[in-house]
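Just so we're on the same page: letters track the sequence lines, and every chain starts at 1. Heavy-atom basis, side chains included; hydrogens, waters and symmetry copies ignored.
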Protein chains: 2
Amino acid sequence: MSAPTVYDVAERSGVSIATVSRVYRNPDSVRAQTRDRVLEAARALGYVPSGNARGLASRTTGVLGLCFPDYADPDAETDAEAEAEADDSAVMLYSDQIIRGMERAARRHGYALLIAASLVGGPESLVAKVAGRVDGFAVLAKTVPTEDLEVISRRLPVVMLAGPREIDHLDHIEVANSDGERELARHLIRDHGLRSLAFVGGDRESPDAQARFRGYQEACREAGLPVTDEPDLRAEMMTQAEGVRATDALLDRAAGRERPGAILFANDQMAIGALHALERRGLRVPEDIAVTGFDGIPLSRIVRPSLTTVRQPMRRLGEEAVELLVRRLANPTRDPVSLMLPVSVARRASCGCG
Amino acid sequence: MSAPTVYDVAERSGVSIATVSRVYRNPDSVRAQTRDRVLEAARALGYVPSGNARGLASRTTGVLGLCFPDYADPDAETDAEAEAEADDSAVMLYSDQIIRGMERAARRHGYALLIAASLVGGPESLVAKVAGRVDGFAVLAKTVPTEDLEVISRRLPVVMLAGPREIDHLDHIEVANSDGERELARHLIRDHGLRSLAFVGGDRESPDAQARFRGYQEACREAGLPVTDEPDLRAEMMTQAEGVRATDALLDRAAGRERPGAILFANDQMAIGALHALERRGLRVPEDIAVTGFDGIPLSRIVRPSLTTVRQPMRRLGEEAVELLVRRLANPTRDPVSLMLPVSVARRASCGCG
DNA sequence: TTGAAAGCGCTAACAG
DNA sequence: CTGTTAGCGCTTTCAA
């Protein structure tokens, strides 16, 4: 009634369970004749080796993991335009690209990939579930309580992605947020001659958003423009809806005074919201005002005007993560590594380059 | 030196291993005071429950799986335009969307998702690896030898996606290929008044491609147009390059005679190849000739002219797959289900609707 | 080349 | 509420 085991296969083929095991693990160590008998019995019984038992006995799983936050933009989801008319396509998120990258790389190394997003009100520690079933895993910043990570990373290779290292003995990969935004702001200032900029940031706790703001500040400083200590506005979740609100707030605030020549958003989603808001107000982009994002999500090139942004190499992030994990698995004591992946500015229509 | 176990935690906190286990499995069944002692010990030791041991003892994993083919379009990959300039964005594939859908749905049900693509020359049976580590899994058609599936599905819930059922006791979900293509052809005939159509199909073994051709035939029949037994042309892999070749072949063949008013391709990739080929020949789409695809990949709306196509609900496919798996897990003996998901025609520029 | 036996770390009755 | 006791199905020495 229950699933067949090595014992069943062994019995049916007249060998010991050790031999059955060998057939699956290292076929060449078994006489061809014996092997065939075993395989035949296995087939007849519908035998499938238990990954759990294997893992338990051998202390490896052949699986790498990824924990990522539930990044779904709720606005994009409920939006009839995005959901009903749904090309899911446009809504591809970071996590999807990281997954792609990791899956590819993992496959090359003979690993499968276990993915799990932190469910918002998740009861059980997401990470524990993953951690218990993989040989090593990557974590997107802010997905898992540092405290948990602290404990787990003592027993298992962990690589932190796209955030500050937080725990100093971990491998870690980040993206050149600051460089990218500085580059972008420079472009606006130097190539488009804009001198009145506004920056819409994210949560103060978001290292990415903060780094981007720093890049913006640097560009302003270089150009001799006024440098603000804080973004002109902050948004918690950095969603499209917040982009709309931020834009309205900024423009209302500027009413009467001179309107900024460009608004730089800490991510694409907000910038796209801004595009909508501006259109509603009858302002033309980029003629009346330039808009930029950050991330290079697919939607950014589909919206009209197409969005000038900074592309993050998310897929590569995933690939590098796997490389780091594999390398650490091979050599658990090597020193922690910290990588910074370069980004590139995508000059498109929303800044006037289209 | 090695990872701490329940025994270590039990000893350090002065309880039995059973209590430690309870703390993780059902915290409320342990007195708060005891629980805290255990948790503290666990923290101190860096204890992480072994998923393998848990799975082995409880006979469940809390993980669902997905096996998908290595779908990368080699043409799209090597293409400098797609790889170097790389917005991965445009290259999002079915599998990515299915993964999205499954991950979401799995999460809702408290499952994590294990994904594995069949590596081309893969040694070990991909599916065995997955099968041994999950409570149930979905398989994209043509990914796994039917023979293996036959064996495995006797022990584990399996749902077949986007293909023929192949094994009759499996749950299975397909997409209304035939309906979609019929709808599309009708639109061309009725709304655009086209009466001379050509169809470029795929491999005779591809059920999807065949079903699409049938839909095309039906529309022709309804409209009193000549009905061919075979597609005007077939392509093995249905890549862009083949789309180019097919288009050239078709047009060369028609040289002198009347050129078809529209070419319907069995998928988007070929249709996009056709767009290139036609441009090269100086033919305008849709004025001189209409072109349609099938799938609704992201690229289809980005190309110029944007491609009229039939959108497949890939994400929903993933969601439904999880629902089916969960339901079968709850009731292993219920009759196999077969779902057909509806598709929708996306009328865009390449047929003259843009 | 094959077999015997001892775990791997946890859950699941069943007692208490 | 907590402890005892068997396994779960496989890998892995160590012998034969």
Using distance only, find each side-chain donor-acceptor pair of residues 319-327 of chain A under 3.5 Å and give its atom names and separation, not counting sequence neighbours.
residue : atom : partner : partner atom : Å
A:E320  : OE2  : A:R316  : NE           : 3.3
A:E320  : OE2  : A:R316  : NH2          : 3.3
A:E323  : OE1  : A:H109  : NE2          : 3.2
A:E323  : OE2  : A:H109  : NE2          : 3.2

Could you please spell out the steps behind the side-chain contact (heavy atoms from CB on, under 4.5 Å) verdict for B:V15 and B:V30? CA-CA 11 Å; B:V15 301; B:V30 177; over 6 Å; no
Just N and O in the side chain of B:T34: are any of them under 4.0 Å from OP1 or OP2 of D:dT2?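 So the side-chain polar atoms of B:T34 do come within 4.0 Å of the phosphate oxygens OP1 or OP2 of D:dT2, strictly under.
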Are A:S16 and C:dA4 close enough that a side-chain N or O sits under 4.0 Å from OP1 or OP2?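 Answer is no, no contact under 4.0 Å.
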Separation of atom [atom1] in [X] from atom [atom2] in [N], rounded to whole Å:
X	N	atom1	atom2	answer
A:L45	D:dG9	CG	P	14 Å
A:R35	C:dT2	CZ	P	10 Å
A:N26	D:dT13	CG	P	13 Å

N/O-N/O pairs, protein side and nucleotides 8-11 of chain C side, under 3.5 Å:
residue : atom : partner : partner atom : Å
C:dC8   : O3'  : A:R59   : NH2          : 3.4
C:dC8   : O2   : A:A57   : N            : 3.4
C:dG9   : OP1  : A:R59   : NH2          : 3.2
C:dG9   : N2   : B:A53   : O            : 3.4
C:dC10  : OP1  : B:Y47   : OH           : 2.4
C:dC10  : OP1  : B:S50   : N            : 3.3
C:dC10  : OP2  : B:V6    : N            : 2.4
C:dC10  : N4   : B:Y7    : OH           : 3.3
C:dT11  : OP1  : B:R54   : NE           : 2.7
C:dT11  : OP2  : B:S21   : OG           : 2.3

Is any side-chain heavy atom of B:S58 less than 4.5 Å from a side-chain heavy atom of B:R25?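 Result no, sub-4.5 Å side-chain heavy-atom pair not found.
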Side chain to side chain, A:Y111 and A:V63, heavy atoms closer than 4.5 Å: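 Heavy-atom side-chain distance check fails, nothing below 4.5 Å.
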Evaluation steps, salt bridge (charged side-chain N to carboxylate O under 4.0 Å, His left out), between A:E147 and B:R43: CA-CA 9 Å; A:E147 188 188 3; B:R43 178 133 305 166; 2.5 Å; yes
Between the main-chain N or O of B:V337 and the side-chain N or O of B:D171, is there a donor-acceptor pair closer than 3.5 Å?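 Side chain of B:D171 to backbone of B:V337: a pair is present.
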